[in-house]
Amino acid sequence: MNTTTLTTETFAQDITQLYSRYRDFVARVCLRYVQNRDEADDLAQEVFLKAGNAWQDFAGQSQPSTWLYRIAVNHCLDSMRQKKRQRDLIASYALTLEENADEENETGDTPSAMRRILERLRAEMDPVDGQIVYLRFELGLTHDAIAEIRGVSRVAITKRLAKIEARAREFYAESNESTPEYA
């Protein structure tokens, strides 16, 4: 392939052929890294965008599949590093907010019933569950967002939260039983 005589029309044809021939291959490479079909498909699309931008630099010294494989691997690794940085940043931010909330509670303000239940839950759970409770109930993050921050599956977060919520209901029921009713 002679890149010096590359026209817009031949470029479009070449990229279309490249995509048609290698899209499944690139998606499989991406799937090995992210273990999620939808995310792998998104990454594969991004790989072909990068390939299109670098097409004129492709010297033909290797097979297109080898060239695309390298682009895909590098793109997946970059994506994973970026997600890890985002998770670390969010987790750090959440811990900072939690520390600030703890400092505010030490000022002597009377905590609400929900705050008392959350404090009681935190006192008896491990630090991971404590962070999950904070992310879910105080920051209002979704199960998916918490799973991404913690680097585990959504199912794992859902199961942990179900146990925590069951315990919170027990505490809530206990607090309602101990509260005198006013007529």
Side-chain angles (χ1 to χ4, degrees), residues 18-19 22-54 65-106 111-173:
L18 192 71
Y19 179 78
Y22 295 106
R23 72 174 168 240
D24 292 338
F25 167 73
V26 170
R28 282 193 309 274
V29 170
C30 294
L31 186 59
R32 282 188 223 133
Y33 284 90
V34 296
Q35 305 294 316
N36 177 299
R37 171 64 67 189
D38 292 334
E39 189 175 354
D41 289 341
D42 289 345
L43 287 170
Q45 293 292 329
E46 294 167 7
V47 166
F48 281 102
L49 288 172
K50 282 186 173 187
N53 290 334
S65 59
T66 304
W67 180 66
L68 286 169
Y69 177 82
R70 283 299 347 142
I71 294 172
V73 167
N74 289 336
H75 186 63
C76 288
L77 291 173
D78 288 345
S79 176
M80 291 168 61
R81 280 190 285 270
Q82 181 180 8
K83 280 186 177 182
K84 183 180 182 324
R85 280 192 299 271
Q86 288 172 341
R87 277 195 310 266
D88 291 348
L89 182 63
I90 291 171
S92 172
Y93 179 68
L95 290 174
T96 301
L97 288 175
E98 185 175 14
E99 289 169 4
N100 291 343
D102 289 343
E103 289 172 10
E104 288 173 11
N105 283 342
E106 292 171 6
S112 67
M114 180 57 84
R115 169 86 55 202
R116 285 192 304 269
I117 290 170
L118 288 173
E119 288 171 359
R120 191 170 166 197
L121 277 170
R122 262 201 219 110
E124 72 174 33
M125 65 179 65
D126 63 68
V128 172
D129 281 347
Q131 186 185 36
I132 291 170
V133 164
Y134 181 75
L135 294 170
R136 176 69 184 115
F137 296 106
E138 293 193 35
L139 294 184
L141 297 181
T142 65
H143 292 205
D144 288 327
I146 297 168
E148 190 169 327
I149 289 168
R150 296 293 312 151
V152 297
S153 72
R154 182 190 191 287
V155 172
I157 295 299
T158 301
K159 286 181 180 180
R160 284 185 101 139
L161 280 169
K163 289 178 185 176
I164 293 167
E165 288 172 1
R167 190 70 176 134
R169 280 192 285 281
E170 290 174 18
F171 290 157
Y172 183 75

For D42, enumerate each residue passing the side-chain hydrogen bond (donor to acceptor under 3.5 Å, both in side chains) test, keeping only those at least two apart in sequence or located in another chain. none
Y22 meets the ring pair (Phe, Tyr, Trp, His ring centres under 6.0 Å) criterion, sequence neighbours left out, with none
Distance in Å, I157 CD1 paired with I132 CD1, rounded so as to fall on 0.5 Å steps: 4.0 Å
Can you check whether L68 reaches V29 side chain to side chain, under 4.5 Å on heavy atoms? no
With K159 via side-chain hydrogen bond (donor to acceptor under 3.5 Å, both in side chains) - residues at least two apart: none
Residue list, salt bridge (Lys or Arg N to Asp or Glu O under 4.0 Å) with D78, at least two apart or on another chain: R81
Between C76 and L43 the two heavy atoms that sit nearest each other are SG-CD1, 4.0 Å
Neighbour count >12 (heavy atoms, 6.0 Å) for atom NZ, K50: yes
Report the residues that fulfil side chain to side chain contact (heavy atoms under 4.5 Å, CB included) with D126, sequence neighbours left out, ordered by chain and then residue number. V128, D129, R160
Side chain to side chain contact (heavy atoms under 4.5 Å, CB included) against A54, all qualifying residues, sequence neighbours excluded: W67
Q35: what forms a side chain to side chain contact (heavy atoms under 4.5 Å, CB included) with it, not counting sequence neighbours? none
Identify, with sequence neighbours excluded, every residue that meets ring pair (Phe, Tyr, Trp, His ring centres under 6.0 Å) alongside Y69. none
By salt bridge (Lys or Arg N to Asp or Glu O under 4.0 Å), which residues pair with R150, not counting sequence neighbours? none
Tell me every residue that passes salt bridge (Lys or Arg N to Asp or Glu O under 4.0 Å) with R167, counting only those two or more places apart in sequence or in another chain. E124, E170
Heavy-atom check, side chain of R23 versus side chain of V26, under 4.5 Å: no
Output the distance between atom OG (S65) and atom CZ (R70), rounded to the nearest 0.5 Å. 12.5 Å
Validation row: V73, Y33 side chains within 4.5 angstrom (heavy atoms): yes
Specify the closest pair of heavy atoms between C30 and A40, including all atoms of both residues, with the distance to one decimal. CB-O, 3.7 Å
Contacts of H143 that satisfy side-chain hydrogen bond (donor to acceptor under 3.5 Å, both in side chains) - sequence neighbours left out: T158
Please list, chain by chain and in numerical order, all residues satisfying side-chain hydrogen bond (donor to acceptor under 3.5 Å, both in side chains) with D144, sequence neighbours excluded. R154
Say you draw a straight line from NE2 of H75 to CE of M80; how long is it, rounded to the nearest 0.5 Å? 12.5 Å
